[in-house]
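First the structure, in the form of structure tokens, and then the observations on it.
The analysis underlying the following values was restricted to heavy atoms, covering all of them including side chains, and did not include hydrogens, waters or symmetry mates.
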Amino acid sequence: MSDKGDIRELLRRYRHGERPALNRLVSFVSRGDGIDLIRDELQDGSHESPLIAITGNSGVGKSTLLGRLIEHVRSLDETIAILACDPESALTGGALLGDRVRMSSHAGDEGVWIRSLASASGQQAVVDHLDLIAQLLTQFGFDHVILETVGAGQGDVAVESIADLVVLLIQPEIGDELQWEKAGVLEVADVVVVHKGDLPGAERTEAQARDLLNLPGCEQTPVVRVSSKTGEGIAELWSLLVNRPQRDLTTGRNTRRLLRLVQQRIATWFAFHPDEVESIVQGCSSSGMTNEQTITRILSHLTNDHS
Amino acid sequence: MTQQRRAPRIVLAKVGLDGHDRGVKVVARGLRDAGCHVIYAGLWQQPEAVVQTVGDEDADWLGISILSGAHMTLLPRIMDLLKRAGLDHVRVLVGGIIPDEDIPKLEVLGVARVFGPGTSIPEIAEFVGATGDATDE
């Protein structure tokens, strides 16, 4: 149980730039605690810098690339916060969060903030309320906020509703062109990075990506070849990211984003009230209700009591 | 307002020049399977970096693995930095090769527990309050 007084006190200390208060607030939000209070507090009009998401299959080098981007951003004397998501075991609820290891060259530098987040299984590759966490970070003063998703790959499109800019990492030799067509994430990528650009085949993969993404009449998606090993393309990628126009959140995409947020709120409520849900289900099943009726009962329970 | 099912968050790190990381990796995996959120910070960390990690990750526990014999140099520094960062609430575990006569000295510094060779994973899991089923690997 969280105490509203505690959160108010934390918010006060956060406003004074106290990093431990920021750290604790992020924990509250990532557990789905005190959300309304914190959301209200942050609403008074401060700026929001774009949330950049990095996504791609596991092993494609998301953390390694981020390590390089951190170096680059620090060399420009700007600050950066990273939210690194890793999957949580569906069986034990445990998680091994190891992304920091590949970003550790700046350990101990106050201009870099890294939080490892376990994303509950069954949710897509992102953690609930990430938008609020990102807002906490930008209003604290971090110049850039980057989200690293779990290496999920195909069809993982949830990032789109949360991030302002989606960067998809692919690597040489990822399969034939049919594989590309299948990958749902290609559709939501704002920038495509051919990572491990020093490997053989990288140029061909880059050419294929360009062919596929930049069909006549489509919105042009930039493709950049980057090697974290040699550093080639890092500066180019970064300038592309910071200068790229953000998604227009006032158009149709905003509806999808809002729907996704509604979905998230419902999922969070379920996750934190297992007993309540269980008792409804028990009740329905003992009175012989069908699945459809049970679902309706649960939904009406949600909308009656909770926002 | 909400009920929490909260997994213990534990940062595991190796400090100094000690490169023996088999033990800490086994513990990392064991605690994950026991339901902890384990943040593995890796080898060759400086005390300052470890303490910042513990803060930014808002960890409940810090596990330091030392097999180099440098524990009486590095741990006083870590404990002091934790205090200065306002992280007194973080409980510290030490694993590795620690001579018996040093264990009380580490406990006086505020170390919650020293786990030596032969410790089972369930023992550590129970100590950090993990609720999952720990398997001894």
Exercise for review: May I ask you to name which of A:Leu22, A:Val26, A:Asn23 has the most heavy-atom pairs under 4.5 Å with chain B?
Suggested key: A:Asn23
Point to revise | CG-OG distance between B:Asp58 and A:Ser116, expressed to the nearest 0.5 angstrom | key: 12.0 Å
Check your understanding: Hey, what do you get for CD1 (A:Ile114) to CD1 (B:Ile39), rounding to the nearest 0.5 Å?
Key -> 11.5 Å
Review point. Salt bridge (Lys or Arg N to Asp or Glu O under 4.0 Å): which pairs involve residues 10-20 of chain B, sequence neighbours left out?
Key: B:Lys14-B:Asp18
Practice item. Drop me the distance from A:Trp113's CH2 to B:Thr53's OG1, to the nearest 0.5 angstrom. Key: 11.5 Å
Review point. Near A:His16 NE2, under 6.0 Å, is it more than 12 heavy atoms from other residues, nucleotides or ligands?
Key: no
Exercise for review: Name all residues meeting the side chain to side chain contact (heavy atoms under 4.5 Å, CB included) criterion together with B:Lys25; count only those two or more places apart in sequence or in a different chain, and write none if there are none.
Suggested key: B:Asp21, B:Tyr40
Exercise for review: Check A:Pro20 against B:Ala85 and note the closest heavy-atom contact, atom names and distance.
Suggested key: CG-O, 4.4 Å
**Study point:** Residue A:Arg13 excluded, over 12 heavy atoms near CZ under 6.0 Å
**Key:** yes
Review point. Where the side chain of B:Gln52 meets the backbone of A:Val112, is there a donor-acceptor pair that is under 3.5 Å apart?
Key: yes
Practice item. Sort A:Arg19 into side chain, backbone, both or neither according to what part of it lies under 4.5 angstrom from a heavy atom of chain B. Key: side chain
Practice item. Mark yes when over 12 heavy atoms from residues, nucleotides or ligands other than B:Glu126 sit less than 6.0 Å from its CD; otherwise mark no. Key: no
Practice item. Report the distance from atom CZ of B:Arg9 to atom CZ of A:Arg115, rounding to the nearest 0.5 Å. Key: 5.0 Å
